[in-house]
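A short write-up of the structure that comes next.
Keep in mind that the numbers below use all heavy atoms, side chains included, and drop hydrogens, waters and symmetry copies. It should be emphasised that the depicted structure is a prediction, and the values quoted were computed from it without experimental measurement.
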Amino acid sequence: AQPLQKRRLLMSFGFVGALLGLLVLQKDLGAALLYAGTFLILLYVGTNKLSLVGLSFLGFGGGAYASYLLFDHVRARIAIWQNPWAAYESQGYQIVQGLIALASGGLLGMGLGMGVPSAIPAYHTDFIFAVICEEFGLIFGVAMIALYVIFIVRGALIALNAKSRFDMLVAFGCTAMITLQSFIIIGGVIKLIPLTGITLPFVSYGGSSMIVCMMLVGVLQGIAVKNGQAEEEMLEQIEGNGL
C-alpha cells in the first residue's frame with residue numbers, strides 16, 4: 001500500500017506542478033495562488049502530515065519568490081501593496097481609489113447609486129467589494145464576509161458527514177476553493193495582501209466565474225444529498241431490525 005500511496009502523491013505533485021507552471025508562464029499568479037492553496041489544504045486533509053505540507057509550502061514559496069525575481073509586474077504589485085500612494089498617478093491608482101471608496105462609505109454607506117464606482121477602473125470585477133462598502137457601508141461588507149463564513153461552515157460539515165473518502169475530499173476541495181478565492185480578493189482590496197486579479201465568488205461580474213462557482217455549489221449539494229440518503233437508509237435498517 002505504501003508504494004501505491006507514494007506513486008499517487010508523486011502523480012498529484014506532478015499534475016499540480018505542471019498546472020502551476022503553465023499559469024506562471026501565462027503570468028496568471030492569482031489563479032496559481034488559488035490552486036496552490038487549495039492543493040495544500042487537500043494535501044493536509046488527505047494525508048494528515050504536517051511535514052509534507054510544510055515542505056510543499058516551502059516549495060510553493062520558492063516558486064513565488066522566483067516569480068518575484070522573474071516578472072516585473074509581480075515586483076510592481078508588491079511595491080504598490082507596500083505603498084500605493086507613491087505611484088498614485090500610475091500603477092497605484094486603482095488600489096488608492098479602492099481604499100478611498102472604503103473610507104467614503106463609512107459604517108452605513110453613501111446609499112445605493114450615491115457612490116462613484118467608475119472612479120475605480122475594475123470596479124465591476126476585482127474591486128466590487130470596495131464599491132459595495134462605499135454604497136452600503138462597512139456593516140454590509142462585514143455581513144457579506146459573514147455569509148462566506150456560513151458557507152465555509154456548511155461546506156465543512158458536508159465534508160465531515162460524507163460517507164466516503166472521495167466525497168469528503170471533493171467537498172473540502174470545493175469549500176476551500178471558494179474560501180480562498182474570497183479571502184484573496186477581499187484581502188487584496190483592503191490591502192491586507194498584494195492584489196491579484198481574481199473575482200469575488202457570486203458577486204463579481206463574469207459569466208465563467210459565476211458558472212464555476214455554481215458548479216462547485218452543485219457538487220457540494222450533490223454530496224449533501226448523498227449524505228442524507230445514507231442517513232435515511234441507516235435509519236430504515238435500524239427500524240427494520242427492531243432497534
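- Evaluation of the ring-ring contact (aromatic ring centres under 6.0 Å, His included) test over residues 14-51, restricted to residues two or more places apart or in two chains, returns Phe13-Phe39.
- Scanning both residues, Ala32 and Leu20, for their nearest heavy atoms gives O-CD2, 3.4 Å.
- From Met168, atom CE reaches atom CG of Leu42 across 9.0 Å, with rounding to the nearest 0.5 Å.
- Side-chain N or O atoms of Asp167 include none that pairs as donor or acceptor with a backbone N or O of Lys163 at under 3.5 Å.
- Between atom CG of residue Leu23 and atom CG of residue Leu34 there is a gap of 9.5 Å, rounded to the nearest 0.5 Å.
- Separation of atoms CZ (Arg154) and CD (Gln221) is listed at 9.0 Å; rounding is to 0.5 Å.
- To the nearest 0.5 Å, atom CG of residue Asn83 and atom CD1 of residue Ile95 are 10.5 Å apart.
- A 4.5 Å side-chain heavy-atom check between Ile41 and Leu180 finds at least one atom pair inside the cut-off.
- The heavy-atom pair separating Leu102 from Cys133 by the smallest distance is CD2-CB, 3.5 Å.
- Across all their heavy atoms, Glu134 and Pro117 have their closest contact at OE1-N, 4.2 Å.
- The shortest side-chain heavy-atom distance between Leu33 and Ile198 does not fall under the 4.5 Å cut-off.
- The two atoms that bring Thr196 and Arg77 nearest to each other are CA-NH1, 3.4 Å, heavy atoms only.
- Minimum interatomic distance between Gly92 and Ile80 (heavy atoms only, all atoms of both residues): CA-CG2, 3.8 Å.
- Listed here is the closest heavy atom pair of Cys174 and Leu216: SG-CD2, 3.7 Å.
- Under a hydrophobic clustering in which Ile, Leu, Val, Met, Phe, Trp and Tyr are joined whenever their side-chain heavy atoms come within less than 4.5 Å, directly or via other members, Leu19 and Leu169 fall into the same cluster.
- Residues Asp126 and Val189 fail the side-chain proximity criterion, which asks for heavy atoms closer than 4.5 Å.
- Here the side chain of Gln97 pairs no donor or acceptor atom with the backbone of Pro121 at under 3.5 angstrom.
- Counting only distance, with no hydrogens or angles, the side chain of Trp81 and the backbone of Leu195 share no donor-acceptor pair below 3.5 Å.
- Taken together through direct or relayed side-chain contacts under 4.5 Å among Ile, Leu, Val, Met, Phe, Trp and Tyr, Met110 and Leu112 form parts of separate hydrophobic clusters.
- Taking 4.5 Å as the limit, some side-chain heavy atom of Leu220 sits within range of a side-chain heavy atom of Phe151.
- In this structure, Glu135 contributes its side chain and Gly113 its backbone to a donor-acceptor pair below 3.5 Å.
- Looking only at atom types and distance, the side chain of Ser204 has no donor-acceptor partner in the side chain of Thr199 under 3.5 Å away.
- Both Ile145 and Leu200 are members of a single hydrophobic cluster when ILVMFWY side chains are connected at heavy-atom separations under 4.5 Å.
- The closest side-chain heavy-atom distance from Met144 to Ile186 is not below 4.5 Å.
- The side chain to side chain contact (heavy atoms under 4.5 Å, CB included) test with Ile158 singles out one residue from Ile223, Val170, Thr175, and that residue is Ile223.
- Checking side-chain atoms of Tyr148 against main-chain N and O of Pro201 turns up a donor-acceptor pair under 3.5 Å.
- Rounding to the nearest 0.5 angstrom, the gap separating the OG atom in Ser67 from the CG atom in Leu29 is 5.0 Å.
- Inter-residue side-chain proximity for Leu9 and Leu43 is flagged as met; some heavy-atom pair is nearer than 4.5 Å.
- A single hydrophobic cluster is seen to contain both Val74 and Leu70, as judged by linkage of ILVMFWY side chains at heavy-atom distances under 4.5 Å, directly or through other members.
- For the atom pair Phe127 CZ and Ile132 CD1, the distance stands at 13.5 Å (nearest 0.5 Å).
- Partners of Phe57 according to the ring-ring contact (aromatic ring centres under 6.0 Å, His included) rule, which considers only residues two or more places apart in sequence or in another chain, do not exist here.
- Ile190 and Tyr123 fall within the same hydrophobic cluster, where Ile, Leu, Val, Met, Phe, Trp and Tyr residues are linked whenever their side-chain heavy atoms come under 4.5 Å apart, directly or through other members.
- Heavy-atom contacts from other residues, nucleotides or ligands closer than 6.0 Å to OH of Tyr205 number 12 or fewer.
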